[in-house]
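Letters A, B, ... mirror the listed sequences (proteins, then strands); counts begin at 1.
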Amino acid sequence: NEELWVQSVLEMPKRRDILAIVLIVLPWTLLITVWHQSTIAPLLAVHKDDGGDSRRDFAAGLDSKEYCLSDRDIVEVVRTEYVYTRPPPWSDTLPTIHVITPTYSRPVQKAELTRLANTLLHVPNLHWILVEDSQRRTPLITRLLRDTGLNYTHLNVETPRNYKLRGDMRDPRIPRGTMQRNLALRWLRETFNKNNSQPGIVYFADDDNTYSLELFEEMRSTRRVSVWPVAFVGGLRYESPKVNAAGKVYGWKTVFDPHRPFAIDMAGFAVNLRLILQRSQAYFKLRGVKGGYQESSLLRELVTLNDLEPKAANCTKILVWHTRTEKPVLVNEGKKGFTDPNVEI
Amino acid sequence: MKSLLFSRFLLLLPWVLIVIIVLDIDSSRAPLPALTARGGGGGGGSGGPRPAAARAPPQRRPEAALPTIYAITPTYSRPVQKAELTRLANTFRQVARLHWILVEDAAARSELVSRFVAGAGLPCTHLHVPTPRRYKRPGLPRATEQRNAGLAWLRQRHQHLPPPQPGVLFFADDDNTYSLELFQEMRTTRKVSVWPVGLVGGRRYERPVVENGKVVGWYTGWRADRPFAIDMAGFAVSLQVILSHPKAVFKRRGSQPGMQESDFLKQITTVEELEPKANNCTKVLVWHTRTEKVNLANEPKYHLDTVNIEV
């Protein structure tokens, strides 16, 4: 009896030992696997990001990414935790992009500017120069600009009306937006000193076009004048500069008058600020400009065909679309207006 | 005795560590709290010329408490599709905790949208369902099947997750324009909230008429006799309501054009329950913009381009 008891006592420690060993080893192996997993997951996310687009690179304060594997039916995408500082913090190394937008009052104006602002809010070091076609700066635009939080300059100049025609017709000989863009150019020349200014790029952005964020990063490296394709202009899916194997522009792939000096849309080029300041007399021609020659009237004073820098993968990617917004149907307003004019749209 | 305690302690230590780590992983799947709280102030930073006026962060709640906004967007292939989706994405990416449900009117996922979704930069679910040909006549309601597919996905996804899942759902057509303030307004939806819509119904705007914080009527230019005379862009529904009314869908049979919204809302709420937003429905925060059809008259029939460029 005693022997049995002693034996069982001797065995128990063995079992207890085994138990103890298991209890010790198990959690540590669990810990190690968990730690291993958590160090691999961020590596995976980073790996994915290398193939991803450049849009996220500049989002300052990029936080941890969640990477959900896809169901066969459903694609869930790499999620970027955005830090919502709008706009992104100013960087001392990036050239400023000065975006010149002429605008005029019509029912869709606030909507257009709102969605344009929503795009511009993503772009670091952006300076929005909004020029109204009006006698004085309107409260609608003043409020809108202030509420976006963007870095902006608010200008205005009224295109003279054609008093010969009855009603509210503007002078049809002056293409729309010309005086406004010229005013912005003059403002830039008056504000920035050509010898001592920060690097900048000037881009003309109409308020109804659609811009991808990649476009702004492409234009940032402009040394003189850079060009790229534009969708939905000239009756085509897109118009584009013709680029040869050496990476030089030698012509224009358009159907409408490809022999223009610069057969390109306003949204298809950007100019280095220094060039604007140096050629201080270069403006858009106000009168006597044939349809489609507006852009040429400015560009021929700034640069030659040979000096153009093709962007967007040698002009093979579409990063800007010349969308136009339908005129909204307002028949139910009647002649005198029905809705409360104090409610701003 | 001491050594016994010590050994017990050592034994327990790794287990405690495991528990802590597991809890940490769980909570990090929910959005991070303090780090990602809105640093909304102007963002001008130092040294920038003319930094914008500082703005107080619009939302003071930490992000972990934010209800997710689900945007169901039906889309179909046409030249401006990528442009519309691009600028819509640019807006949505400014909104915290927004999950985009993109439903194509197509028999299979298109390459364009698949590529777009992969680079969209926000959480996105890509679905597709084709509209039967007999429903493609002009005058018939559009995007019904696509919106229903979005609803079905949401319902299916949430039946496995434990309640409560705070969330708000709204229908975002791909050519409308949304201000960022709209999303703040809709996030506090408890059941169904409504607000004015610009440029619709033949008027500058349409809106619910509000008295004492309740909707009492409709200010609209078209068929004000509808039970809910509101546009698709003018309301949002809380996820709870969607999940608790599993049969509420957009109808095809017996539906009249222009009655889509009414028929749907009738199934889930009453006019008395509606929550007016946008300052008692006096501000326009969303516009029913439409994009012009693109002029492609100069596209060649023959001698196509040597490269295939996506537009």
Side-chain angles (χ1 to χ4, degrees), chain A residues 23-24 27-28 30-31 34 52-53 55-56 63 74-77 79-81 83-90 92 107-108 111 114-115 118-119 121-122 146 149-151 210 212-213 231-232 234-238 255-256 316 318 321 323-326 328-333 338-339 343 345, chain B residues 11 14-15 17-18 21 32 35-36 38-40 42-45 47-48 50-53 55 79-80 83 86-87 90-91 93-94 96 117-121 123-126 177 179-180 198-199 201-205 221 282 284 287 289-292 294-299 307 309-311:
Chain A
L23 273 182
I24 293 177
W28 287 110
L30 278 178
L31 270 177
V34 166
D53 61 352
R55 270 180 279 178
R56 284 187 227 111
D63 253 318
I74 288 158
V75 177
E76 291 208 19
V77 181
R79 179 200 166 130
T80 309
E81 289 275 8
V83 178
Y84 295 97
T85 55
R86 304 196 203 115
W90 201 266
D92 284 329
V108 296
T114 298
R115 57 183 169 185
N118 288 344
T119 296
L121 280 166
H122 287 279
R146 193 193 55 215
L150 281 168
N151 190 354
T210 303
S212 74
L213 300 182
F232 309 144
L236 293 171
R237 285 169 75 241
Y238 63 89
V255 166
F256 170 65
T316 58
I318 306 294
W321 298 260
T323 41
R324 292 164 59 97
T325 305
E326 271 185 19
V329 170
L330 297 179
V331 287
N332 285 336
E333 290 287 346
F338 194 91
T339 50
V343 175
I345 52 159
Chain B
L11 208 62
W15 290 104
L17 282 177
I18 288 182
I21 288 179
L32 312 167
L35 275 184
T36 52
R38 299 269 188 83
R50 215 181 310 269
R55 246 173 0 128
V80 295
T86 299
R87 55 184 171 186
N90 287 343
T91 294
R93 282 172 68 176
Q94 294 285 358
V117 165
C124 185
T125 297
H126 182 188
T177 302
S179 74
L180 299 179
L199 309 173
R203 289 197 179 166
R204 287 168 70 242
Y205 60 86
T282 57
V284 175
W287 298 262
T289 42
R290 293 165 58 98
T291 304
E292 269 185 22
V294 165
N295 173 8
L296 298 179
N298 283 338
E299 279 290 333
V307 289
I309 297 186
E310 183 185 88
V311 159

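No side-chain heavy atom of B/Trp287 sits under 4.5 Å from any side-chain heavy atom of A/Val108.
Ranked by heavy-atom pairs under 4.5 Å with chain A, the list B/Leu199, B/Val284, B/Leu180, B/Val311 is led by B/Val311.
Here the closest heavy-atom approach between residue B/Ala83 and residue A/Trp321 is recorded as CB-CG, 3.4 Å.
For the atom pair CD of B/Gln94 and CG of A/Asn118, the computed distance is 6.5 Å after rounding to the nearest 0.5 Å. With rounding to the nearest 0.5 angstrom, the CZ atom of B/Arg290 is 11.5 Å from the OG1 atom of A/Thr325.
Only the backbone of B/Thr282 comes within less than 4.5 Å of a heavy atom in chain A; its side chain stays farther off.
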